[in-house]
Structure formats: structure tokens, C-alpha cells
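This is a predicted model, so every value here is computed, not measured. Just so it is clear: chains get the letters A, B, ... in the order the sequence lines come, proteins before strands, and each one is counted from 1. Only heavy atoms go into these numbers, but all of them, side chains included; no hydrogens, no water, no symmetry mates.
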Amino acid sequence: MSSSLPLYNSKMSTQVLDKQECLVQISDDNDAEEEIMESGPFEPQGNVRIATGLVKKSPKDDNATVIRFPKVPKSRSNFISLQSWEGFVVEKKDKTFVARVSDLTHDNPEEEAEIPLKEVSEGDMGLLEQGAVFYWHIGYLHEASGQIKRHSSIIFRRFPMWRKEDIEKARLEAQKMMELFVRE
Amino acid sequence: MDISQRKLQEHSIVLIGDFNPAIFQPLWLASVELISKSDAEAAEIDIISKKAAIFTVGEIRIEVLQTRFQAQTIREDHFETLRDLVVGIFGLLNFTPITQIGINIAMHFLLDSEDKWHEVGHTLAPKKIWEGVLNNPGMTDLSMIEDKRRDGYKGRIMVMVQPSVRYNPGLYFFINDHFEAEGNRDIITILEKNWKISIDRSREIISKLLTGLL
Amino acid sequence: MSGNNINIAPQQNEIEVSVFGPGYGECILIHDGDGEWFIIDSCIDSKSKEPAPLRYLHLIGVDYTKCVKQIIVSHWHDDHIRGLGNIVERCKSAELIFSNALQSKEFLTLVYAYTSNTMMKSTGVGEFKKILEVLKDYGKKPKWALADRTLWRKKKGSPNKGYDCSIYSLSPSDSAILSTQIELAKLMCEPDITKPKKPKGRVLALTHNRASIVLWIEIGGICLLLGSDMENYGNDDDGWSSVLNSTLYHQGKASVFKISHHGSVNGHHEDVWKKMLDSNPIAILTPYNRGQQKLPTQDDVQRICALTKSAYSTFDFRAEKIKGRGIAIKKTIKEINAHLKSLNNSTFAVEKYG
């Protein structure tokens with residue numbers, strides 16, 4: 001590690017050490033935690049200090065105790081949704097899956113959809129089973145290059161998970177309701 | 001102009017509390033199955049340390065400091081994923097003391113002309129009072145607060161309007177829907193119950209402002 | 001007897017049976033001839049988005065907060081009881097009756113487990129959860145329907161006003177109750193640390209309908225058989241076979257039959273038509289227009305029409321129009337080779353078969 005990097009007194013993870021382009025100074029000063037600079041493609045606009053809003057403040061000088069992010073921000077695409085649905089899988093077939101979808105954009109009745117499996121990403125394929133919930137968005141993808149194209153996006157939910165604590169809590173509530181049922 | 005003509009929409013969830021940034025790592029998120037393994041492996045990490053963790057997984061950027069957690073995205077198809085990620089993380093880290101939450105929406109609009117842009121400025125900040133005080137005054141920022149929430153929660157709603165830095169001539173709206181923990185009301189429960197209501201309300205606010213201004 | 005006119009209220013001493021069925025889910029509303037009403041299950045009116053029975057009662061000027069005496073919940077899944085939570089909340093004078101197959105801690109645990117922290121539009125048991133919350137708020141206890149139980153019995157108030165009215169449940173049988181509880185328990189997913197964590201998803205309806213409540217109703221000498229979603233299961237302890245063994249219906253034969261399970265062959269039992277029904281009963285079914293298997297099939301319609309000259313369906317095949325789908329959306333759906341079909345049809349429509 002270069003001595004020109006006055007790092008905070010903590011062990012940095014190996015992931016960060018590998019990033020040569022990352023120049024980081026972390027301050028002891030608590031105020032610095034409230035000063036977040038431009039962070040590339042997600043940079044907030046807004047010059048007002050808001051507790052739970054996004055905050056931006058320009059650095060005063062190079063020695064300012066602020067957090068600096070990579071100088072070359074990676075551009076990102078943004079997506080504007082025209083239509084979205086929440087759906088759940090009814091049946092998985094060979095090349096498609098059948099789902100019931102509820103319109104999240106307009107007040108429309110439920111619909112039945114048959115969607116090709118190739119619309120589902122590889123990372124989500126393991127989640128595709130009966131009852132699995134997904135969000136389907138159709139809209140315009142504004143690519144980093146400036147190109148705009150129509151785009152369909154299907155993302156399966158990874159949440160909520162089955163957890164022992166939730167089931168225990170459900171059992172307790174069920175017990176209370178049973179007591180109401182049998183009460184004289 | 002209506003909300004469907006937005007050029008960009010950003011959503012962020014900001015939590016104020018007591019965090020340990022070092023544990024927030026893409027591989028940890030994948031190990032608890034809140035993100036896919038492939039997203040974790042492809043994550044762009046800026047820093048992970050005791051004081052700060054900043055990385056991007058998929059289309060969501062996470063920034064964690066010791067007193068502040070922030071997750072944001074500019075992909076509307078990932079808004080639910082962002083919400084799920086935050087609820088999922090703090091469902092697992094359920095002993096994290098969190099005192100405040102902001103459910104934030106920001107939108108950029110491109111206006112037809114500079115004249116329209118100036119018209120907006122004049123409507124929000126009438127210039128008469130500035131005549132004789134400043135030469136050619138222009139509005140750079142307007143923030144309004146609803147100090148007492150109508151839904152019974154402690155907190156406030158803040159609306160900010162500015163010229164857009166991304167689109168010229170453009171408008172930028174930012175809504176900070178701010179809740180504070182109260183007694184036994186857990187912040188993450190507030191998020192679960194109010195996320196959709198908050199997003200819909202913020203969109204309605206922007207819609208009404210657009211109707212009034214343009 | 002009035003026809004399909006939803007604006008005309010039944011008169012004093014007029015018995016009315018209304019069946020609502022928009023293609024998924026159904027509701028039956030009964031007037032006993034003396035200003036008292038009974039609701040069995042629920043569905044949503046596609047136009048007003050209100051529970052269909054409440055919309056109808058409101059249209060004909062009935063104060064449902066007072067006049068609805070019983071609400072019978074013969075299913076547990078959202079798809080079959082949409083709007084029922086709302087009905088239970090608003091019909092404050094009504095007794096609530098559940099299938100005894102649902103009187104189990106396991107079922108209630110399933111409801112609470114699937115409805116906590118989901119942030120989902122529909123969990124599959126959201127409606128039942130709403131009903132439970134109303135019961136908790138009002139401190140009300142439900143009654144339980146099972147085979148050979150009297151749910152309602154009332155003698156007419158005066159010689160010329162109203163009729164004697166009795167309602168009996170002919171199911172679920174003991175065997176059906178046990179099978180249902182075993183099936184429901186399988187829907188709970190105990191987390192296993194040796195396996196990848198599974199997201200909760202939406203609870204799906206059971207493939208069989210053993211928990212459903214078949215009702216035998218007698219009003220002033222007229223008998224009604226409401227078949228719910230009862231099917232045949234190939235044994236005497238269950239399904240229609242166990243209903244036929246019931247001791248309670250042998251008073252007479254029904255002249256009105258709500259055909260079970262959307263007219264399917266699985267829901268058909270020859271002996272029901274021979275032993276429980278008049279010849280040429282008024283037979284009504286609610287179609288099922290979701291998934292790959294639409295009901296009734298053409299064969300089902302032919303079979304039913306051979307058994308009675310008065311067969312009706314609640315279905316209007318004109319699907320509700322979808323709003324707000326511009327060209328860009330339609331083009332994208334077409335390009336990815338996806339197909340969408342509306343599932344909501346008119347609730348207030350009837351079609352005669354034959």
C-alpha cells in the first residue's frame with residue numbers, strides 16, 4: 001500500500017486493494033460521513049443536506065476529508081417503465097411458462113400470460129417454479145451509448161425467504177386465533 | 001406534460017442508524033441468497049472497510065457508512081428488487097438499530113423550450129420581490145416540507161424542485177418521504193407497509209406539480 | 001321467479017337464489033322469502049370492483065349490515081373468495097361459517113406465514129387473513145360446517161309471512177377433513193439449512209376440493225342443493241359418495257342445483273342426479289376459464305343438457321377490455337412471443353344451455 005494513502009486504522013479487504021484506480025481517504029471526522037460526492041452514474045443532484053435524502057456537496061480542496069470515488073464513472077443504462085405486472089408462475093412448460101399477472105400500472109383485471117423461458121435470465125432460472133413471484137416490466141431502455149430501445153424485463157423475487165423465526169411467529173398468531181375459536 | 005414523459009427516474013432508500021460497513025459485501029449478499037451468485041461475482045466494488053462499503057450489484061448501488069445506509073437505482077424495473085434487498089438485508093440483520101428511513105424518488109424531465117423552463121421558475125419563485133435586489137434573478141432550488149405527516153407516522157415529506165443537470169432545459173423533482181422510528185414501530189416494518197404507498201404518493205405529487213407548472 | 005334483472009328486489013314471500021360467476025370464483029346469494037339473506041363464498045364484480053353480492057344488495061336497496069344472516073366460506077383460497085374479507089367486515093350481523101377442514105392450527109399458521117412481510121399484491125391467502133383480522137377485531141367466533149350438521153334453522157314468524165328455513169352442510173366428511181389438513185401442511189415450507197433458501201412465493205390452491213361445503217337448503221318445501229366444488233375421489237368416505245350417504249337430505253329432492261366443480265366430469269355423480277334431484281331441476285354452473293383446462297367442456301355441456309332442460313351458466317364470454325396498452329407495449333409483447341389474455345368477465349350475466 002502506498003504511504004500517500006492515509007488509510008483509516010482498519011484492515012482493508014483484498015477486494016479493494018486490487019483496485020488500483022481507487023483513491024480513498026477516509027476521515028475520522030464524523031461530518032465527512034455526511035458528505036457524499038459524485039459517485040458516477042448514480043450521482044445525486046440536490047444540494048441540500050437531508051438526513052434521509054441524497055446529499056451532494058462539492059469538495060473544497062484536494063485535502064478535504066471526504067470520500068472520493070473512482071474518477072472515471074461507469075455509465076449505466078436507465079430504464080423507463082411503460083407497463084409493469086406482478087405475476088406468479090402457474091405452470092412451467094418445455095419452452096414457456098404460464099403465469100397469472102396483475103397489472104401494476106393501470107386498473108385492469110388479472111390476465112393469464114404465456115411467456116417464453118428465454119425471457120428469464122440464467123441467474124433467475126433456478127427460482128422459476130410453481131408459485132414463484134416475478135415482476136415483468138416493458139418500457140424503454142436508455143443505453144449508456146445513447147441508444148434507446150424497447151425492452152422487456154422479467155425479474156424473479158428472491159424475497160421474502162422462509163425463515164424459522166417467521167414460521168414461529170406465525171404459529172404464535174395461529175395459536176391465539178385458535179384460542180379465540182374455542183373460547184366459550 | 002405528464003409523468004409518463006420522464007427521462008429518468010431514480011429510487012433510493014436511505015436508512016439512518018448504526019451500521020457495520022465491513023459486513024456489507026456482495027459475496028455475503030449472495031451467501032444469504034439476496035442476490036444471485038453471478039451478480040455477486042460481477043459486482044463493482046469501490047471500497048469495503050470498517051468505515052465504508054460502496055459497491056454496485058446488478059443495477060443497484062449500495063453505500064454504507066457507519067451511520068447511514070443507502071441503496072439506489074436508476075432502473076425502474078429494479079425498484080422492487082431494491083426494496084426487497086433492503087428489507088431482506090435488515091430482516092437478517094434485525095438487531096441493527098435504525099432510527100430513520102427515507103423512501104426517495106427523483107425524476108428528470110426535458111422541457112420543450114427554455115421559455116417553458118423560465119416559466120416554471122417564475123411560477124415557483126415569483127421574481128417581483130427580487131427586482132431591485134438582484135440582476136436577472138433565477139431560481140436554482142425550491143424545497144417545500146409537509147412537516148406533520150397525515151398518515152400518523154412521525155416524520156415529514158420534502159419536495160425539491162431544481163433545474164435538471166442532466167437535461168437542458170430540464171426539470172428535476174426529488175421527493176424525500178422521511179419516517180422516524182417511534183416506540184415499538186420498527187423502521188423495516190414501516191418500509192414494508194409503506195413502500196408502495198410512498199412511491200405512489202411521490203408520483204402523484206410530481207404529477208400534480210407537472211400539471212400545475214406546465 | 002324473477003329472471004336476470006339485477007335491479008328488481010325479491011318480494012315478500014319470494015325465494016331468490018342468485019349465482020355469480022365471472023369465470024373464476026363464484027358466489028351464491030339466497031333470499032329466504034322474509035328479508036333474510038345468506039351469502040356463500042364471494043367474487044368481485046368486474047365493473048364496480050365491489051364484492052358481487054354486496055353490489056347486488058346495494059342496487060336493490062337491502063341493508064346488508066342487518067339483513068345478511070350467514071356468510072358461508074366454503075373455500076380458503078383467494079381465487080375463490082375474493083372480496084369476502086370486505087363482506088365479513090360490512091355484514092356485521094352475519095354469522096360466519098367455515099369448513100371444518102380449516103379448523104386447524106396448521107392451516108392458520110399457513111395463512112399467517114404466507115401473509116407476513118410479503119409486499120405482494122396477492123398472496124393466495126390474503127382474503128382469509130383479512131377475515132381472521134375482522135374476527136379478532138370483533139371478538140367473533142366462527143361456526144364450523146361438516147357432514148350432517150345443521151347450520152341454520154328458523155320457523156316462519158307468522159302464517160302468511162316467510163317460510164320455514166333450514167340449512168344443512170353435507171360435507172366435508174371426517175376423511176376429507178384429515179386429507180385436507182395433510183395437504184395444507186405440505187404447503188408450509190420449513191426452512192432447511194442444508195438446502196438453498198427458498199423465497200416464499202404465492203400459495204397455490206390445492207388441486208382437490210375436499211374441504212368444500214356442500215349445502216342442502218330447505219325453504220318452505222323447496223329444496224336446493226349447492227354443490228360447491230365437490231368432486232369424486234373414488235371412495236365412499238369422501239367426495240360425492242360420502243354426501244350421498246348423508247342422513248340429512250332424505251326429506252326430499254332438490255329442484256335447484258348449483259352444479260359442482262364448474263360442470264366437470266370429476267364433479268359429476270350419476271346418483272346425485274338420480275337420488276338427490278327432481279327430474280329437470282334448474283341447474284346452474286359457474287364456468288372456469290383459467291389455465292389450460294377450461295370448464296365446462298363441450299362434453300360436459302352435452303351431458304348436463306341430457307339430464308335437465310333448464311341448464312344455465314353465469315358466464316359472459318366477452319372479456320373485460322384492457323386499458324392503457326399502447327402500441328409500444330403490444331409490439332414488445334409480440335416480439336418476445338408472449339401471449340396475454342384477460343381473465344375477467346361480466347359478473348352479472350347468464351347464458352342458457354340447450
Side-chain angles (χ1 to χ4, degrees), chain A residues 7-13 15-16 18-19 22 24 26-27 30 32-34 36 39-48 50-54 67 69-70 74 76-82 84 86 121-124 126 135-137 139 141-142 151 153 155 157-161 163 165-166, chain B residues 4 6-10 12 14-16 22 25 32-39 44-52 54 56 59 61 63 65-68 70 72-78 80-81 84-85 87-88 91 100-102 104 106 141 143 158 160 162 164-166 172 174 176 178:
Chain A
L7 297 171
Y8 187 67
N9 191 17
S10 71
K11 202 172 170 184
M12 298 283 277
S13 81
Q15 287 168 314
V16 176
D18 285 339
K19 289 218 176 247
C22 176
V24 178
I26 305 164
S27 166
N30 284 333
E33 291 176 345
E34 291 180 17
I36 296 174
S39 49
F42 290 94
E43 79 271 16
Q45 173 173 330
N47 295 314
V48 177
I50 312 155
T52 57
L54 296 175
I67 297 165
F69 300 110
K74 270 209 182 73
R76 291 208 177 270
S77 57
N78 75 282
F79 179 83
I80 301 287
S81 181
L82 295 174
S84 52
E86 179 186 283
S121 70
E122 220 178 285
D124 277 3
Y135 291 100
W136 183 18
H137 291 263
L141 187 66
H142 295 240
H151 181 70
S153 159
I155 299 173
R157 275 191 100 186
R158 292 174 178 275
F159 177 87
M161 304 292 197
R163 295 190 311 161
E165 309 91 88
D166 294 336
Chain B
S4 66
R6 64 196 180 279
K7 286 292 184 193
L8 191 150
Q9 184 176 187
E10 182 195 84
S12 59
V14 177
L15 305 171
I16 304 295
Q25 304 198 26
V32 294
E33 284 162 67
L34 284 173
I35 63 173
S36 67
K37 220 174 155 189
S38 51
D39 272 351
E44 293 155 32
I45 297 172
D46 296 337
I47 182 169
I48 302 210
S49 78
K50 202 172 163 180
K51 278 254 169 173
I54 298 154
T56 304
E59 301 292 340
R61 184 165 180 82
E63 296 176 2
L65 302 175
Q66 285 175 322
T67 57
R68 184 188 167 94
Q70 180 175 298
Q72 63 188 118
T73 184
I74 56 173
R75 288 280 301 246
E76 290 182 25
D77 52 344
H78 281 69
E80 292 92 2
T81 308
D84 284 353
L85 192 57
V87 176
Q100 300 167 56
I101 182 170
N104 308 317
D141 179 291
S143 299
M158 198 213 70
M160 179 169 30
Q162 292 179 344
S164 168
V165 298
R166 279 184 179 261
Y172 170 79
F174 176 74
N176 167 230
H178 175 94

Set of ring-ring contact (aromatic ring centres under 6.0 Å, His included) partners for A:Phe79, sequence neighbours left out: A:His151
Hey, could you give me the [atom1]/[atom2] distance between [X] and [Y], rounded to the nearest 0.5 Å?
X        : Y       : atom1 : atom2 : result
A:Arg158 : B:Ser36 : CZ    : OG    : 5.0 Å
A:Arg76  : B:Arg61 : CZ    : CZ    : 8.0 Å
A:His137 : B:Glu80 : NE2   : CD    : 4.0 Å

[X], part contacting chain B, at a heavy-atom distance under 4.5 Å:
X        : answer
A:Ile155 : side chain
A:Ser81  : both
A:Leu82  : neither

Audit row: A:Ile80, B:Arg6, side chain to side chain contact (heavy atoms under 4.5 Å, CB included) steps and yes/no: CA-CA 8 Å; A:Ile80 301 287; B:Arg6 64 196 180 279; 3.9 Å; yes
Quick check on side chain to side chain contact (heavy atoms under 4.5 Å, CB included): which of B:Val87, B:Thr81, B:Leu85 does A:Phe159 satisfy it with? B:Val87
Residue pair B:Asp77 / A:Ser153: nearest heavy atoms and the distance that separates them: OD2-OG, 2.9 Å
Partners meeting side-chain hydrogen bond (donor to acceptor under 3.5 Å, both in side chains) with A:Glu86 (sequence neighbours left out): A:Tyr135
Apply side chain to side chain contact (heavy atoms under 4.5 Å, CB included) to B:Arg75 and A:Leu141, showing your working. CA-CA 9 Å; B:Arg75 288 280 301 246; A:Leu141 187 66; 3.5 Å; yes
Below 4.5 Å from any heavy atom of chain A, which atoms of [X] appear? Answer side chain, backbone, both or neither.
X        : answer
B:Ile101 : backbone
B:Ile35  : backbone
B:Val32  : backbone

For the side chain of A:Arg163 and the backbone of B:Gly91, is there at least one donor-acceptor N/O pair under 3.5 Å apart? yes
Step through the shown structure and confirm whether more than 12 heavy atoms of other residues, nucleotides or ligands are within 6.0 Å of CD on A:Glu165. yes
